[in-house]
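These notes concern the structure reproduced below.
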Amino acid sequence: MTTRVIIVDDQAMVRAGFAALLAAQSDIDVVGDAPDGVQGVALSRRTHPDVVLMDVRMPEMDGLEAARQLLDPPAGVTHRPKVLMLTTFDVDDYVYEALRAGASGFLLKDAPPADLISAVRVVAAGEALLAPSVTRRLIADFARRRPAPRKDRASLRLNGLTPRETEVLELIARGLSNQEIADTLILAEQTVKTHIGRVLAKLELRDRAQAVIFAYESGLVAPGEQ
């Protein structure tokens, strides 16, 4: 099955380079590109891509607002692509907010070509692109800067989880992979995947990235804990 992709970035050379690299893959089809968020949202509405590569900082409309519009569309718009944020910096307020809005992860613009190709495939498959080291560093860094956790409504949602599901959520937030969680809890990896699916469904979260954000903001995990 072919993954349809659009590239939204204000640098023409970036768009051209990424398009050439991705289009060379037999399972990826680049269906368009745009130089800013306004045109990117319009292009996505027309072409219905599976994945949108979205730059963070752009004129007219930045990547954060564009991601919000794509992931929380107005009434009558049913298409919701996966959004992969592109950034020059590995720690960025905009990226954090984009993850909260439902973006599936982020990728550095200077990442190796193989990483870009892999990232598109991972996100298209419904996984979140958050490496364990990135999870610990990025999310914990921003959690430190923010107000005290919103424990009221979030705590009520946490109460809906079983003790095992709560354990799994905590380990996700600490940056452990599925296999590492399985090893820690002495479970089969498939069982861990089942628990994660239930956690996401009960908490009404889109993916693993939002689960990490929720765990920090609810107070389940405190910044700096390992």
### Task
Taking all heavy atoms of Asp36 and all of Met58, pick out the closest pair and write down the distance.
CA-SD, 3.8 Å

### Electrostatic pair Asp10-Arg15, nearest N-O below 4.0 angstrom
no

### Query
Stepwise, does the side-chain contact (heavy atoms from CB on, under 4.5 Å) test hold for Val52 with Leu84?
CA-CA 6 Å; Val52 177; Leu84 178 60; over 6 Å; no

### Task
State, with a plain yes or no, whether a side-chain heavy atom of Thr87 is found less than 4.5 Å away from one of Asp55.
no

### Task
Any chance you could lay out the side-chain contact (heavy atoms from CB on, under 4.5 Å) test for Leu53 and Val8, step after step, and finish with the verdict?
CA-CA 6 Å; Leu53 292 179; Val8 185; over 6 Å; no

### Query
In this structure, which one of Leu116, Val30, Ile28 forms a side chain to side chain contact (heavy atoms under 4.5 Å, CB included) with Leu21?
Leu116

### Query
Any donor-acceptor pair under 3.5 Å linking the side chain of Glu180 with the backbone of Ser177?
yes

### Summary
Here the gap from Leu22 atom CG to Thr3 atom OG1, rounded to the nearest 0.5 Å, amounts to 10.0 Å

### Message
Membership question, hydrophobic clusters at under 4.5 Å side-chain separation (ILVMFWY): are Val77 and Met54 in the same one?
### Response
no

### Query
Rounded to the nearest 0.5 Å, how far apart are CG of Asp183 and CG of Leu171?
11.0 Å

### Task
State whether the side chain of Arg4 and the backbone N or O of Thr47 hold a donor-acceptor pair below 3.5 Å, judged by distance alone.
yes

### Task
Keeping the roles fixed (side chain from Asp9, backbone from Gln11), state whether a donor-acceptor pair exists under 3.5 Å.
yes

### Message
If I take atom CE from residue Met13 and atom CZ from residue Phe18, how far apart are they, to the nearest 0.5 angstrom?
### Response
11.5 Å

### Query
CD1 of Ile6 to NE2 of His48: how many Å apart, nearest 0.5 Å?
10.5 Å

### Query
Between His79 (side chain) and Pro49 (backbone), is there a donor-acceptor pair under 3.5 Å?
yes

### Message
Do Met61 and Gln69 have side chains that approach each other closer than 4.5 Å (heavy atoms only, starting at C-beta)?
### Response
yes

### Query
Quick one: do Arg121 and Asp27 make a salt bridge, cutoff under 4.0 Å?
yes

### Task
Report the distance from atom CD of Gln179 to atom CG of Leu187, rounding to the nearest 0.5 Å.
10.5 Å

### Task
Verify, without hydrogens or angle tests, whether Glu165 (side chain) and Thr162 (backbone) share a donor-acceptor contact under 3.5 angstrom.
yes

### Query
Any side-chain heavy-atom pair from Leu64 and Met85 closer than 4.5 angstrom?
no

#### Entry: Reference residue Val192; test side chain to side chain contact (heavy atoms under 4.5 Å, CB included); the match among Thr184, Leu176, Leu185, Ile181
Ile181

### Task
Indicate yes or no for a side-chain donor-acceptor contact from Ser218 to the backbone of Phe214 under 3.5 Å, with no hydrogens or angles considered.
yes

#### Entry: Test item: Val56 and Leu86 side chains (from C-beta on) under 4.5 Å apart, heavy atoms
no

